[in-house]
Amino acid sequence: MSSRNDIFAKNFNTIMKILNVLEAAVKEGVKALYHETFDKSITLSQTRKEFEGDYTVVVFPFTKIAKKKPEQIGEELGQYLVDRVDELSSFNVVKGFLNLKFHDSFWIDFLHSVLKDEQFGKFPSNGQKVMVEFASPNTNKPLHLGHIRNILLGWSTAKILEAAGYDVVKTQIVNDRGIAICKSMLAWQQFGKGTTPESTQVKGDHFVGHYYVKFEQAFQNEYRTWQQSEQGKKIFTEKKKDGDDEVIFFNSYKNNYFNEYSSIGKAAKAMLINWEENDTSTRNLWQQMNQWVYDGFETTYKKLGVHFDSALYESDTYLLGKNIIDDGIAARKFYKKEDGSIWIDLENHKLDKKLVLRSDGTSVYITQDLGTADMRYNEVGFDKMIYVVGNEQDYHFAALFATLKELGRSYADGLYHLSYGMVNLPEGRMKSREGTVVDADDLIADVINEAKKNTQAIGSIADMPKEEQENIFRQIGLAALKFFILKVNPVKNMVFNPKESVDLQGQTGPYVQYSYVRANGVYQKGIQEGVDFEEALNYMNLQSQEKDLIAQIFVFPSILEEAAKSYDPANIANYCYDLAKLLHKFWHDVQILNANEKGATAFRLLLCKAVAQILAQALDLLGIEVPKRM
RNA sequence: GGCUCCGUAGCUCAGCUGGAUAGAGCAACUGACUUCUAAUCAGUAGGUCGCAGGUUCGAAUCCUGCCGGAGUCACCA
């Protein structure tokens with residue numbers, strides 16, 4: 001197969017570099033025609049579909065140099081380019097826009113070079129290592145919709161960077177310690193009656209989350225009772241601010257109550273202290289409950305089709321960073337207040353003063369992150385490190401990076417916070433207290449179910465074995481969910497409409513998958529029917545639908561490059577949709593197997609093969625699988 | 001209140017390193033299946049690109065101010 005394509009293929013690199021060649025030629029042309037160098041970059045964009053041509057040069061910027069009207073410059077420059085660049089067949093000028101057209105053979109050659117290269121679009125290794133941290137859950141609750149956005153973004157970004165030539169390490173840091181997990185532990189001790197996920201048939205993370213909720217309920221009951229007690233009433237009259245009614249006051253006083261009066265709170269804190277002092281039974285219980293949670297998370301990650309290369313646990317890292325504090329003081333970057341707390345002044349980074357160590361000498365969040373960054377750099381030696389964390393921590397990461405820079409860490413410039421916006425529901429924000437949090441496992445089950453319902457209604461795969469059908473339902477449902485989330489630019493808050501997320505029509509994952517299924521299906525059928533692909537050689541006259549597809553394939557590497565540069569999977573998602581749309585249009589407009597000449601059939605089948613190849617590859621960058629049928 | 005981010009069609013989103021008449025999808029309406037799978041295609045309708053200035057031959061895109069929304073401003077993580 002590949003050997004026969006050799007006949008077509010020109011040097012691949014020459015083809016991909018045509019835009020650079022054009023740019024250089026434009027500059028050369030301006031200099032030759034108008035005797036002056038144009039030193040800014042050239043605007044070279046795909047010609048809008050309502051005009052004739054493939055690529056467009058905007059000539060307005062040359063008017064100063066040429067001292068001529070844009071139209072005339074366009075004519076002169078167009079002629080210059082067509083005379084000198086072999087690939088160009090013609091040009092036309094509309095106002096200040098010079099539209100250039102390539103020979104069909106250029107596009108045909110390009111297509112064949114893509115067919116030769118299964119890895120088309122991927123960049124060769126650049127020798128750089130990048131670490132992507134994502135997911136990073138707490139172990140007291142199951143995963144929810146917010147985590148899903150995080151996980152999908154992290155996974156896709158990692159895939160994109162890999163395709164862009166980086167050596168990628170996918171990692172997470174698990175918040176496995178602290179007061180939260182102690183709450184779950186305590187509630188399980190008090191109310192759990194020795195039950196386990198196995199004995200109750202409840203997924204481990206949900207099982208543990210259930211006891212976290214139990215704790216909160218018990219705490220609230222205790223708090224309410226206390227509010228009516230003598231002591232509670234006394235505190236209210238003593239401490240309320242003007243205008244506070246009881247509800248407002250006690251809402252804001254909750255943390256104080258937890259820390260100072262609550263007996264259940266006291267018990268949880270005692271448990272935390274026991275944990276820190278390595279008390280055996282506390283540690284055992286902690287280990288047991290965390291293990292339940294990890295088993296549960298693992299199941300969810302598997303369902304989402306993601307995995308990690310490494311993980312860190314906060315129980316191992318929460319004491320890190322203290323050595324950095326000493327370094328920082330020695331380097332006079334940190335300073336000590338009278339109370340013993342340590343600070344850094346980041347005002348020259350347009351930030352504030354930031355505490356890096358408590359007065360009692362214990363760590364805060366940033367202390368640990370400083371230490372973890374150092375440790376990772378020393379162990380892994382990354383060139384870049386991407387933290388996928390929600391935008392509520394923008395300030396934290398700005399401060400973290402600025403601090404590392406102040407400390408002269410060579411790797412500080414390679415750190416990047418991939419910040420993403422909140423996921424809201426049509427009714428507004430998810431609130432655990434109002435029970436509106438969308439559970440990850442439920443959501444996954446829902447989308448798969450919806451895909452199943454729809455697919456069965458269509459009946460297109462009813463003849464397949466049950467197991468294969470189930471797999472396809474899964475592929476389709478997850479495609480809907482993943483595409484729905486990843487098509488949105490990460491910086492934006494997004495509205496997650498559960499109903500729309502399972503849509504299978506329009507701008508969706510399944511739409512793109514369907515495009516793949518069609519392209520791949522007809523190509524396979526062509527093989528079965530023994531189509532002679534050699535005939536494609538005789539096909540010379542490209543239809544516009546064909547050229548549009550080829551031109552869209554042509555831009556794939558630059559889209560990938562842009563997605564990697566901006567850490568934005570939405571670029572890829574939108575690309576997939578555009579390509580899929582062109583395929584559907586092509587499918588509708590032209591005949592493939594029934595074309596009136598053999599050359600057209602062969603050529604179009606090869607085109608379908610290439611499109612399927614690119615779609616599969618691009619979808620894979622989003623973590624979306626392609627079904628064989630649907 | 002300070003700082004950061006967001007504001008494009010009824011809804012969800014593209015477009016933002018300045019370039020042609022601002023694009024998709026959903027929802028509504030109309031049309032296309034004896035066909036290589038209609039999870040599709042074609043069409044109608046829907047816009048003061050939050051507002052006001054500025055820079056420019058040219059601004060949704062860059063700058064300034066304002067308005068609206070979100071986040072953050074803990075010796076929490």
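- Of the C1' atoms belonging to B:G46 and B:U37, the separation is 32 Å, rounded to the nearest Å.
- Ring orientation note: the planes of A:W275 and A:Y318 are tilted relative to one another, at an angle of 30° to 60°.
- Taking a 4.0 Å limit (strictly below) on heavy-atom distances, residues 580-602 of chain A reaches RNA chain B at A:K581, A:H584, A:K585, A:W587, A:H588, A:V590, A:Q591, A:I592, A:L593.
- Contact check, A:Y395 against B:A77: no side-chain N or O comes under 4.0 Å of OP1 or OP2.
- Whole-Å rounding puts the A:Y511 OH to B:G25 P distance at 8 Å.
- One P atom belongs to B:A70, the other to B:U12, and the distance between them is 15 Å to the nearest Å.
- Base engagement by A:I476 is indicated by at least one non-hydrogen atom pair under 4.0 Å involving a base atom.
- Atom CD of A:Q552 and atom P of B:A24 are 14 Å apart (whole Å).
- Screening residues 484-507 of chain A for ring-ring contact (aromatic ring centres under 6.0 Å, His included) gives A:F484-A:F496 as the qualifying pairs, with residues at least two apart or on separate chains.
- RNA chain B contains the following stems of three or more consecutive Watson-Crick or G-U pairs, with both distances under 3.5 Å: B:1-7 with B:67-73, B:10-13 with B:23-26, B:28-32 with B:40-44, B:50-54 with B:62-66.
- Across all strands shown, A:Y365 has heavy atoms under 4.0 Å from base atoms, whether or not it also approaches the sugar-phosphate.
- Applying the salt bridge (Lys or Arg N to Asp or Glu O under 4.0 Å) test to A:K585 and every residue at least two apart in sequence or in another chain returns A:D589.
- For A:R429, a side-chain nitrogen or oxygen approaches OP1 or OP2 of B:G71 to under 4.0 Å.
- If A:Q505 and A:F496 are placed on RNA chain B by their nearest nucleotide, the residue sitting closer to the 5' end is A:F496.
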Under 3.5 Å, which N/O atoms of the protein pair with N/O atoms of nucleotides 17-23 of chain B?
from, atom 1, to, atom 2, distance (Å)
B:A20, OP2, A:R48, NH1, 3.1
B:A20, N6, A:T56, OG1, 3.0
B:A20, N6, A:N99, OD1, 3.1
B:A20, N1, A:N99, OD1, 3.4
B:U21, OP1, A:K95, NZ, 3.4
B:G23, OP1, A:R48, NH2, 2.9

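- Comparing the C1' positions of B:A28 and B:C67 gives a spacing of 33 Å, expressed to the nearest Å.
- Checked against B:C36, B:A77, B:A24, the side chain of A:Y577 finds its nearest nucleotide in B:A24.
- Taking the side-chain contact (heavy atoms from CB on, under 4.5 Å) definition, one finds that A:I527 meets it with A:Y523, A:Q524, A:F533, sequence neighbours left out.
- Every residue two or more places apart in sequence or in another chain that forms a salt bridge (Lys or Arg N to Asp or Glu O under 4.0 Å) with A:K101 is listed here: A:E52.
- For A:E392, counting side-chain heavy atoms from C-beta on, the closest listed nucleotide (B:C13, B:A39, B:G71) is B:G71.
- Taking A:Q393 as the reference, A:Y365, A:V389, A:H396, A:F397 meet the side-chain contact (heavy atoms from CB on, under 4.5 Å) condition, with sequence neighbours excluded.
- Of the two residues near RNA chain B, A:E314 and A:I472, the one whose nearest nucleotide lies more 5' is A:I472.
- Residues A:S184 and A:N140 have side chains that never bring a donor and an acceptor to within less than 3.5 angstrom of each other.
- In this structure, A:N424 places its CG atom 11 Å from C1' of B:G69, rounding to the nearest Å.
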Distance-only criterion, 3.5 Å: show the donor-acceptor pairs between side-chain atoms of residues 502-512 of chain A and protein atoms not counting sequence neighbours.
from, atom 1, to, atom 2, distance (Å)
A:T508, OG1, A:L504, O, 3.4
A:T508, OG1, A:Y511, N, 3.1

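- Between A:K482 atom NZ and B:C13 atom P the separation is 20 Å, expressed in whole Å.
- Side-chain contact between A:P569 and A:L153: present, with at least one pair of heavy atoms (C-beta onward) separated by less than 4.5 Å.
- When the nucleotides B:G25, B:A14, B:U37 are ranked by their closest atom to the side chain of A:V488, B:A14 comes out on top.
- Under 4.0 angstrom from either OP1 or OP2 of B:A39 there lies at least one side-chain N or O belonging to A:Y514.
- Within 4.0 Å (heavy atoms only), A:T455 reaches at least one base atom of the nucleic acid.
- Annotation: B:A59 and B:U64 have their C1' atoms spaced 15 Å apart (nearest Å).
- A:N489 comes within 4.0 angstrom of the backbone, heavy atoms only, and of no base.
- Taking atom C1' in both B:A32 and B:C11, one finds a spacing of 28 Å when rounded to whole Å.
- The distance from atom CZ of A:F484 to atom C1' of B:A24 is 15 Å, rounded to the nearest whole Å.
- Using cut-offs of 30° and 60° for the angle between ring planes, the A:Y387 and A:F401 rings count as tilted.
- A:K68 is linked by a salt bridge (Lys or Arg N to Asp or Glu O under 4.0 Å) to A:E76, counting only residues two or more places apart in sequence or in another chain.
- Across B:U17 and B:U61, the matching C1' atoms stand 10 Å from one another, rounded to whole Å.
- Atom name P, nucleotides B:G15 and B:U72: the rounded distance is 26 Å, in whole Å.
- Here A:M494 lies in heavy-atom contact (under 4.0 Å) with sugar-phosphate atoms only.
- Relative orientation of the A:H147 and A:H144 rings is tilted, given thresholds of 30° and 60° on the angle between their planes.
- The distance from atom CD of A:Q545 to atom P of B:C41 is 13 Å, rounded to the nearest whole Å.
- Residue A:N175 places its side chain closer to B:A77 than to any other of B:G25, B:A77, B:U40.
- Within 4.0 Å (heavy atoms only), A:Q393 reaches at least one base atom of the nucleic acid.
- Proximity of a side-chain donor or acceptor of A:T47 to a complementary backbone N or O of A:Y55 within less than 3.5 Å is detected.
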Worksheet entry | Nucleic acid footprint by protein, nucleotides 5-11 of chain B - heavy-atom cut-off 4.0 Å, B for base, S for sugar-phosphate alone | SSS----

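- In summary, A:E71 and A:K69 do not engage in a salt bridge, as defined by a charged side-chain N under 4.0 Å from a carboxylate O.
- In this entry the distance linking NZ of A:K353 with C1' of B:U72 reads 18 Å, nearest Å.
- Scored by the side-chain contact (heavy atoms from CB on, under 4.5 Å) test, A:S460 finds A:T455, A:I458 as partners (sequence neighbours excluded).
- Straight-line distance between the P atoms of B:G68 and B:C26: roughly 35 Å, to the nearest whole Å.
- Contact of the A:D352 side chain with the A:E347 side chain is registered, since non-hydrogen atoms from C-beta on lie closer than 4.5 Å.
- As a whole-Å value, the separation of A:L346 CG from B:G2 P is 21 Å.
- Taking a cutoff of 4.0 Å between a charged side-chain nitrogen and a carboxylate oxygen, A:K628 and A:E468 do not qualify as a salt bridge.
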